[in-house]
Amino acid sequence: MGKLLLVSGLALLLQMQMGSSYILSCYFTNWAQYRPPPTVYMPHNIDPCLCTHLLYAFATMKNNQIATFEWNDVTLYGEFNALKNQ
């Protein structure tokens with residue numbers, strides 16, 4: 001009886017761990033907008049239903065503060081961040 005309880009408990013823990021360990025990160029680089037057509041990639045090209053995590057790159061540092069890198073980073077980041085609400 002004790003072995004059955006132990007095996008059942010271990011199986012339950014393993015099932016819970018497998019269900020919670022799934023991560024699919026979508027990584028967007030701000031320079032993807034400069035690729036030659038048809039490979040230009042913008043935030044609206046990302047399917048947020050496929051991602052568990054969204055990663056935006058790149059930024060720079062100015063006066064010990066995170067700063068934008070590209071001329072339109074504020075717009076791109078806004079579009080990218082809006083994917084969380086879809």
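Owing to the predicted nature of the structure, the values given are computational and were not obtained by experimental measurement. Residues: numbered from 1 along the sequence shown. As a basis for the values below, the full set of heavy atoms in this structure was taken, side chains included, without hydrogen atoms, waters or symmetry mates.
L83 approaches P48 most closely through the heavy-atom pair O-CB, 3.5 Å. The minimum heavy-atom distance between I23 and H53, with the atom names listed, is CG2-ND1, 3.3 Å. Scanning both residues, A57 and Y27, for their nearest heavy atoms gives CB-OH, 3.5 Å.
Counting non-hydrogen atoms of other residues, nucleotides and ligands closer than 6.0 Å to CG of L50 gives a total above 12.
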### Task
Test side chain to side chain contact (heavy atoms under 4.5 Å, CB included) on Q33 and Y41 and set out the steps.
CA-CA 5 Å; Q33 64 185 322; Y41 203 74; over 6 Å; no

### Message
Between L54 and F28, is the side chain to side chain contact (heavy atoms under 4.5 Å, CB included) condition met? List the steps.
### Response
CA-CA 8 Å; L54 297 170; F28 176 77; over 6 Å; no

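With rounding to the nearest 0.5 angstrom, the OG1 atom of T75 is 9.0 Å from the CE atom of M42. In this structure, L55 CG and T29 OG1 are separated by 11.5 Å, a value rounded to the nearest 0.5 Å. Taking OH from Y77 and CG from N30, the interatomic distance works out to 12.5 Å, rounded to the nearest 0.5 Å. One distance of note links SG of C51 with NZ of K84; it measures 12.0 Å at 0.5 Å rounding.
No side-chain donor from either of N81 and Y56 sits under 3.5 Å from a side-chain acceptor of the other.
Ring centroids of F69 and F58 are separated by 6.0 Å or more, keeping the two rings apart.
With D47 contributing its side chain and C49 its backbone, the two residues share a donor-acceptor pair below 3.5 Å. Looking only at distances, no side-chain donor or acceptor of E79 sits under 3.5 Å from a matching main-chain atom of L76.
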